Amino acid sequence: MVAGEHAPSGGRNWIKTVAYAGLIILLFLLPLFVDSVYYLHTFIITLIYTIAACSLRTILISGQLSIAHAAFMGLGAYVSSIFARELNWTPWLTIPLGGVSAMVVGVLAGYPLTRVRAIYFSMVSLFVGLAIVALMGVFQKYTGGDIGLIGIPPLPSITIPGLPTINFLSSKIPYYYFFLLLTVFCLMILHSLENSRIGMSWKAIAQSYLVASSVGINEAGFRVLALAVGCFFAGIAGAGYAHYNMVLTRSSFGFLSSVNLLIYVLVGGTGSFFGPIIGTTVLVIVPEIFRWLKTFAPFVFGGIMLLVVFFMPQGIAGLFEQVKTKFLHFQERKKPRDVS
Amino acid sequence: MLLRVKDLSVYYGKAMALENVSLEVAQGAVVTIIGANGAGKSTILKVLSGLWPSTSGEVYFDNKKIEGMEPYEIVSLGLVHIPEGRRLFPYLNVLENLKLGASLRKDKEGIKQDLEGVFTHFPILRDRRKQKAGSLSGGEQMMLAIARGLMSKPRLLLMDEPTLGLAPVMVVELVSVIQAINKTGVSVLLVEQNVFLALQVAHRGYVLEVGKVILEGNIDQFRDSDLVKRAYLGE
Amino acid sequence: MKPRGIFAIVVCLFGALALLTQPCLAGEPKTLKVGGLFCLTGFGSSAETYIAQGAKLSEEWINEKGGLTIKGEKYKVELVMEDMKGTADGAVAAATKLVYDHKVKIVIGTVVPFMVQAAGSVLEPAKVLRLVLYNCGMPSEYGPQTPYMFLTYDSTIEGMRAALDYLKEAYPKVKNVAYIIPDDGSVPYLDKLFREKATSMGYEVATVGKWAMTTQDFSPIITKVLASKPEAIAFANGWPQATGSMLKIIRDMGFKGPVFGCNYDDAYQIMEIAGKEASTDFFIHQIDLDSPDMTPMIKEIKKRAEAKYGKAYGMHIWGFNPLYELKQVIEAAQSTDSTVLKDTWGKMKTIDTVYGPGRMGGLKTYGINHTVCAPCPIVALMAGKVKWVKWVDVYSP
Amino acid sequence: MISDVAAQTVVNVLMLSSIYILVALGFALLLTVLGILNFAHAAIYMVGGYICYQLAVVVGINQWASLLISMIAVGLLGLFLERVFFRPFLKDMNRIVVVTLALIIILQATINVTVGSYIRRIPSFVPGVLRFSGVSVSGDRLATFVIGGVLLLAVILFIRKTKTGLQMLAISQDSDGAALQGIKTHRIFAVTTAIGCALAAVAGSLMGAILSLSPFMGDIMLVKAIEIVILAGIGSIGGVLIGGLILGALDATLPLFISGSATDLTGLCIIIILLLIRPQGLFGREV
């Protein structure tokens, strides 16, 4: 439940910077190697869920295991598409609006939710998520109910003087870059938040809310703040998804979807900022590779989960830490049993 | 020797909790481990009772290697641990708590007798036997915790900070309780921050500091030790 | 932070993917790839697994008959199926895979209405000919904005019309009908059409019972519907779990009148779920594989299904039908281009279906004449037995 | 007329509540004693239903006997699950969440691949319908009502009156403290999981007769079970009765007044409000 603490960064900062830059450049060059629209689609979905999973982890590091995150994603998606569809607002405006509305609902739900902690928080959040999805069913006139909402406008084309017009309908490559930029942007904010004073307060609350309160951290305020930030980015991810997918169904945001996001985070590892990124990448892309297994395909997904649980106690991201510890401190092969 | 601990080390991940701790408890003795908060006193007891694994070292109880055994196996040998904070079952009544102390025993008659014995020892528990353990006062809870430990027919009783949260008048009573228990032939390993109590009841002592034994000896030596005086008696 | 290891893995992963995503080799020149979109796992898989089997049978049937002849050249049909995993996301992914990875221009499938829309969002812009098996009658699902979508067989609206026609004939005394419908967003459209048709036939609509998609126990909704004292009850849509459970509860609560299901559903499955006791005076849009009144094609499919899968189901026939129709369209158009096929099919007046001769219609009902209206079979559950009733001719203008 | 509807609704509430209680009972037991949210409960429930179906319909042995065998078989499965999948991770909530979710996926896929996704139903355990003055109850529902009540009572008595039960309670309150009393915690965990899974199997078999069987039948029931257990309060087995009655009452009466999706929303809002007033649930011990 408690997200791990940050290991102090050593003097290898330049390596880190180079590696970050390299990775991002690689991701930018990816469409040159991939000419399958289908794989590009998979990458785009991965990027969208990466934003959602990372924002879920932001809530998680404040000690709140939310099982409503997909619902907030859906909220952003529906708000953005309804405004774009019914009022003809431009998606450039409705996507942030989707994020803001998810944030507002997150805050509204968050204040009463600060009354409950740990597993009770998870459970009430589960019901909040279900209620949001039920709400989408009630306003069928705007959301299309279970059948779904279509006719969501795509992102409008961008004209930059001197360059050819970027038309989002022409291929998936503009979308890929849009989501890559969006992901990098969102993750940078989330990352700096986590390493700021606010992030430290979140982690302190997660460790012990009593201790945190005793040193003057406003527990309720920070918890709501974590929810607000997490829901905002979930809303952004959802809204982006809506304008990419151009069709929405409320069943995409239900209990099982929220649980899926949670799986991405937990399998990736909650201890590291990279956990959800790795988890989402592995759990979205690997099952797609094994699509040909048809009815046997779920075994791949379940298998990865079990593999991680049995061999990587801290998630996939924790594996690196584990390996490092093994090499550096091989004298302590016997780890103490975990006792809370 | 009833209990022999040899070169016990415990690590949590990279952090050291105990390093090469050796100690002994003789049959019938009251031995105390004193040390500041976080010195690793509780860790020793947790390793002894099987709650925590050790990183290295050996533990012999009655010449049997108990390291790596399950907690219930250790209890069945007669090594009983009364944990820090008592760890009663707050939503069960006193009688049920006591019965749970005898979980491993099959002799119904013996249990009945011991229950009577415990009640004569601690008459207050008889009056409260239908009351939830969580609703007892601190002193009563301590009584119950000790009584529950006695129900397991211990040969060695490990007591972790029994004075924690007790009124001073109860601390005095605790001394006589421990002495009375010891008189019935039960050895006691007492972990304490309250050095006054420890010095009053123990025959032998160890001083633990940051995971290492820095002093050991008979309790008389302790009373005279400058180190103990300075560090724990504030003289 | 432990960046190096992570980066190494991510880089390797993306590298491996880049290799994997090299374009697939084009298939043999004389193969026509047809995509199949079905839920093989997750929601909807209970029916669609068998529909997919039926589609597979039709592929084999066409190839056995020598494939398709286009401008003197023989083509074999290859059915590439992708699993939609019971979610809208899965439907989009599967459709993308079919269109851009397998490069198909024709797709059979999607049955559950929300997947029709989700898959359509990929297939329509790519100008992929879509042979859909079912829809709810929502304008957003199917209409002028979906020019590449063809409804290959009678759907809810046709089933509803057939049911009411048959009700008039078999139970002339019935004056009012209650209507039970899943609250999935299609209510306003179906409700309007149902009321129009029912009132035009002189019926009174007693109540409309809407049930939430998460309903486990239908007793409350049935209690409510029965309180309005209807003489007959119709189910708009639903899947066997819901229809069977509702039928059982209706009979348990002592309702004796006729009950209708408007959607194409497996009567045997419904009987299994409702139980033999409750399975009486129930009518549904379905074929009876054992009846001698079946078309020769259905009898043939039954034989093939039994040979291949051990047992034949109504869903097999349903899944067989789209390719059967497609064969005629391709041979009429003498082309495999989806736009040519669409135009040719749009101009056809009649088309043969496995259920008998079909007519193209739907312009007035849906706004597009891409609906194949074929005879609508009605099967009854009577005293715990599946009983063949008759073919009802329906036509959606 | 209205009184008929009211009477029938009272019966509906009782029957639906007993269904919910039966499903939630094993879930509550595992949550109380092992302290884990066993998300796989509903998948185990589904497996129990399928085993009963295979025995009763495909093999063709007596239905009640198949129910019993299914109970035992799933109980044994529970022992296996506890040993392999739960025990190593009991103290780590993150990993137990992932394990139980992985189990759902694997169990569903296994049934989908082996038995197939064709919807089935176990024939009625108690055929026939009981009618009295405008109110009707099917035999199966009545049986569920009785069995659910008896099992709830049996579980409560077992916990309150037996030594094992007392030890379960002790573990649920302080598992380390219990271990120090010489309680064989792992054995109690194993017994609890076996009982919990056996209860799931009974529920699955009866639901297989009342509703239907499909590999995904547990998805909604899981949410219902969570709702009940949280309403009741973590650590309370007796509270399942009240939680089940509340949820049953909501689900069986709301559709009379509100139709369609709004039913879900209203029910959820009521539950959320109840939980915000009493976060620990109606009979829970702590927040």
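Letters go in sequence order (proteins before strands), and every chain restarts at 1. On a predicted model such as this, the values are computed, not experimentally measured, just so you know. Side-chain atoms are counted along with the backbone in the values below, which use heavy atoms only and exclude waters and symmetry mates.
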Please answer whether the main-chain N or O of C:K127 pairs with a side-chain N or O of C:S338 as donor and acceptor at a distance below 3.5 Å. yes

Non-hydrogen atoms of chain C under 4.5 Å away: do they reach the side chain of A:L319, the backbone, both or neither? neither

Leading residue by heavy atom contact count with chain A [cutoff under 4.5 Å; candidates C:V112, C:T49, C:V116, C:D183]: C:D183

Give a yes or no on whether the backbone of C:A94 and the side-chain of C:E82 come within a donor-acceptor separation of less than 3.5 Å. no

On the 0 to 90° scale, with breaks at 30° and 60°, tag the A:Y241-A:Y49 ring pair as parallel, tilted or perpendicular. tilted

Determine whether the aromatic ring centres of C:F235 and C:W211 lie less than 6.0 Å apart. no

Where does the angle between the aromatic ring planes of C:H316 and C:Y313 fall among parallel (under 30°), tilted (30 to 60°) and perpendicular (over 60°)? tilted

Does the pair C:Y142 and C:T371 meet the rule for a side chain to side chain donor-acceptor pair (under 3.5 Å), with working shown? CA-CA 10 Å; C:Y142 173 49; C:T371 314; 2.7 Å; yes

Contact origin within C:M81 toward chain A - heavy atom pairs under 4.5 Å: both

Looking at A:D146, A:I152, A:I150, A:L248, which has the largest count of heavy-atom pairs under 4.5 Å with chain C? A:D146

If I compare all heavy atoms of C:Q117 with all of C:S140, which pair ends up nearest, and what's the gap? NE2-OG, 2.7 Å

Please tell me whether A:Y244 and A:H41 form a close aromatic pair, meaning their ring centres lie under 6.0 Å apart. yes

Using a cut-off of under 4.5 Å for heavy-atom pairs, which of C:S45, C:P188, C:P125, C:A118 has the most such pairs with chain A? C:A118

Got a salt bridge between C:E60 and C:K308, using NZ or NE/NH1/NH2 to carboxylate O under 4.0 Å? yes

Chain C heavy atoms under 4.5 Å from A:K172: which part of the residue, side chain, backbone, both or neither? side chain

Who in residues 249-257 of chain A is close to chain C, using a strict under-4.5 Å heavy-atom cut-off? A:T249, A:R250, A:S251, A:S252

Toward chain A, the part of C:T87 with a non-hydrogen atom under 4.5 Å: neither

